[in-house]
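Report on one structure; see the data block that follows.
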Amino acid sequence: LFVSGLMGPYMSPIPANASAAMIFSFFVAVIITPWLMVKIAGRAKLAHHSGHGWMERVYMAAARPILATRRRSLMFLLVTAALSFGSLGLLYTRHVTVKLLPFDNKSELAVMIDLPEGAATEATDALAQDVARVAMGLPEVTSVQTHAGTAAPFNFNGLVRHYYLRQEPQLGEVAINLAPKSARSRTSHAIALDLRQRLAGLTLPAGTALKVVEPPPGPPVISTLLAEVYGPDPETRRKAAAQVEAAFRSVPFIVDVDNSYGTEARRLRATISPDDLDFYRVQEQDVFDTIAALNGGQVVGYSHRGQGRYPIPLILQRAKGDRVMDERFLSTPIPAISLPGGRDVVELGDVVRVAQEKASYPIFRHNGRAAEMVTAELAGDYEAPLYGMLAVDKALAGQPDAPQIALHGQPEDETRTTLLWDGEWEVTWVTFRDMGAAFGVALLGIYILVVAQFGSFRLPLVILTPVPLTFLGIMFGH
């Protein structure tokens, strides 16, 4: 109940179910257990067992020398405390790795395709077919479905990663269905790692990004490793984001690197020349109507179906593949005011000037603040975002104009370039912050109850001593 953020709805049933289980176990202990004891052992003869069992003898043989003197007892406590807290050093040496959300074993995977801005749907579909052929080479894959220029059906990842908004021609997705868990020996995560290695052999157009996506076991985030770059202006943010992206690519276990701004697309700008309009006696509105008819089409009527159903519009338009600004487009005749007896034909290209230029970068905002995103996944030696963050921070250290690092909360001062870690790290931060506060409240409550029970302030500390000793078992258990 203390946990906020995305993990709150996932963890809120835990205290309710745990409380219900404790109440149920209480009634089992005071009603069912005594009844079973009477039924099962009620007729057994009572006997007093003299002596000690083997477990008690082993314990006494080990404990008596330790408790024989005060000095030995103190040394034993100090050694135990040193081992318990010293075991945390295994996290620093990375002999024990941590991860908040473990990988699940699902029956589906997906490959997201991001071609450069301005790529055609046909190019996206061709790459999607290549990815599908590679995926079908895996023995655990039963079927695939490709989507080019349109989003796949809404799924769990689409909830937060916004995949349902992928409607651009350069965006595609390959949905992969796996055999049931009982029919394969590898987990979906192992299959995803194998698929990522196989896709590395494909020849991709420059600026293309392929991302192997697994359904998360917990709340989905935009990306496992997500760096938000804030700064005073778009050029500064993109420059810093490119620096961060280069640091991402320098780490071997950081894969599927991408950014939010992409590449500048090629754009054609058609400008109407007023002088040519006057020379050819062409109305400006006629030029606009011709361009609209060539690119968008014209509704010429409706097919009425009756029974209160909406009519079907009849649209006269060119095929989607023909809607390009080429020589055929510019040679289209347009209406002109001709002199009596004149037979001159005025073409669209006579009054329109076409220039090629670069389109602007997309604008991305997070909570109303302009930002650039650098996204990635982790695979290989380390798969928790913490290790990727440390590796990227190390790669950026010492570089000129390196952005300032922030772990939580958007920066108040945007005059300086700031890298804010988000993604799964934000979920980890909020979860452990809230659970740590709840754990502290629970320990304080236990301490107060024990003080009230025994009337001593020191005895509860002895009773709570095993709590930090759990570090020893947790670390060596991993």
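What you see is a predicted model; the values in this text were computed from it and never measured.
Although no hydrogens or angles enter the test, the distance criterion places no donor-acceptor pair under 3.5 Å between the side chain of Arg305 and the main chain of Arg309. Without hydrogens or angle criteria, Thr431 side chain to Thr428 main chain gives no donor-acceptor distance under 3.5 Å. Between the side chain of Ser188 and the backbone N or O of Asp104 there is at least one donor-acceptor pair closer than 3.5 Å. When atom types are taken as modelled, the side chain of Ser107 and the backbone of Leu178 share no donor-acceptor pair closer than 3.5 angstrom. A donor-acceptor pair under 3.5 Å is formed between the side chain of Thr465 and the backbone N or O of Leu461. Under a 3.5 Å cut-off, the side chain of Arg237 and the backbone N or O of Val229 do not form any donor-acceptor pair. With Arg267 contributing its side chain and Ser360 its backbone, the two residues share no donor-acceptor pair below 3.5 Å. Side-chain atoms of Asp350 do not come within 3.5 Å of backbone N or O of Asp276 as any donor-acceptor pair. The closest donor-acceptor contact from the side chain of Arg318 to the backbone of Asn295 lies at 3.5 Å or more, if one exists at all. Judged purely by atom type and a 3.5 angstrom limit, Arg323 has no side-chain atom pairing as donor or acceptor with the backbone of Leu294.
Pairing each heavy atom of Arg266 with each of Leu268, the nearest pair is NH1-CD2, 3.6 Å. Residues Ala370 and Tyr230 approach most closely at O-CD2, 3.5 Å, considering heavy atoms. Minimum heavy-atom separation, Val141 to Ala135: CG2-O, 3.2 Å. Ala384 and Leu378 make their closest contact through O-CD2, 3.5 Å (heavy atoms, listed as atom of the first residue, atom of the second, distance). Among all heavy-atom pairs drawn from Lys106 and Pro215, the shortest one is CG-CB, 3.8 Å. Contact detail for Tyr302 and Pro311: the closest heavy-atom pair is CB-CB, 4.0 Å.
Just one residue in the list Leu199, Val144, Ile176 forms a side chain to side chain contact (heavy atoms under 4.5 Å, CB included) with Val131, and that residue is Leu199.
In Leu390, the CG atom is crowded: over 12 heavy atoms of neighbouring residues, nucleotides or ligands sit closer than 6.0 Å. Remark: Glu357 CD is packed, more than 12 non-hydrogen atoms of other residues, nucleotides or ligands lying under 6.0 Å away. Heavy atoms from other residues, nucleotides or ligands lying under 6.0 Å from CD of Gln298 number 12 at most. Heavy atoms of other residues, nucleotides or ligands lying less than 6.0 angstrom from CZ of Phe154 number more than 12. By the 6.0 Å contact criterion, CD on Gln283 is open, its count of non-hydrogen atoms from other residues, nucleotides or ligands being 12 or less.
Put simply, CD on Gln129 and CZ on Arg133 are 6.0 Å apart, with the number rounded to the nearest 0.5 Å. Taken from CG in Leu171 to NE2 in His147, the straight-line distance is 13.5 Å, to the nearest 0.5 Å. For the atom pair CG (Leu225) and CG (Asp256), the distance works out to 11.5 Å, reported to the nearest 0.5 Å. Taking OG1 from Thr208 and CG from Asp114, the interatomic distance works out to 8.5 Å, rounded to the nearest 0.5 Å. Summarising the geometry, atom CD belonging to Gln243 is positioned 7.0 Å from atom CG belonging to Asp401; distances are rounded to the nearest 0.5 Å. Taken to the nearest 0.5 Å, the CG atom of Leu127 stands 11.0 Å off from the OG1 atom of Thr146.
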Item to check | Leu226/Val221 under side chain to side chain contact (heavy atoms under 4.5 Å, CB included): CA gap, chis, key distance, verdict | outcome: CA-CA 9 Å; Leu226 173 60; Val221 291; over 6 Å; no
Item to check | Working for side-chain hydrogen bond (donor to acceptor under 3.5 Å, both in side chains), residues Thr93 and His95 | outcome: CA-CA 6 Å; Thr93 60; His95 288 87; 2.7 Å; yes
Item to check | Residues Glu235, Lys239; criterion salt bridge (Lys or Arg N to Asp or Glu O under 4.0 Å); working and verdict | outcome: CA-CA 6 Å; Glu235 290 76 15; Lys239 180 180 178 181; over 6 Å; no
Checklist entry - Between Glu383 and Thr224, is a side chain to side chain contact (heavy atoms under 4.5 Å, CB included) present by the stated rule, with each step listed? => result CA-CA 9 Å; Glu383 295 179 329; Thr224 302; over 6 Å; no
Item to check | Derivation of the side chain to side chain contact (heavy atoms under 4.5 Å, CB included) call for Thr150 and Gln167 | outcome: CA-CA 4 Å; Thr150 185; Gln167 304 287 345; 3.6 Å; yes
Item to check | Pair Thr271-Val352, side chain to side chain contact (heavy atoms under 4.5 Å, CB included): steps then yes or no | outcome: CA-CA 6 Å; Thr271 306; Val352 172; over 6 Å; no
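Between Ile222 and Met373, the closest side-chain pair of non-hydrogen atoms is not below 4.5 Å. Within the 4.5 Å cutoff, no side-chain heavy atoms of Glu327 are placed close to those of Ser331.
Checking Thr415 against Asp413 by side-chain atom types alone, a donor-acceptor pair falls below 3.5 Å. In this structure, a donor-acceptor pair under 3.5 Å is absent between the side chains of Asn177 and Thr142.
The existence of a salt bridge linking Arg94 and Asp381 is excluded, since no basic side-chain nitrogen approaches an acidic carboxylate oxygen closer than 4.0 Å. Taking the charged nitrogens against the carboxylate oxygens, Arg184 and Glu140 have no contact shorter than 4.0 Å, which rules out a salt bridge. Here Glu414 pairs with Arg369 in a salt bridge; the nearest charged N to carboxylate O distance falls below 4.0 Å. Using a 4.0 Å cut-off between charged nitrogen and carboxylate oxygen, Glu377 and Arg161 count as a salt-bridge pair.
Ring-plane geometry between Tyr164 and His162 is classed as perpendicular, the angle between the planes exceeding 60 degrees on a 0 to 90 degree scale with a lower cut at 30. Note on ring orientation: taking the six-membered ring where Trp is involved, the planes of Tyr261 and Tyr361 are perpendicular (angle over 60°, cut-offs 30° and 60°).
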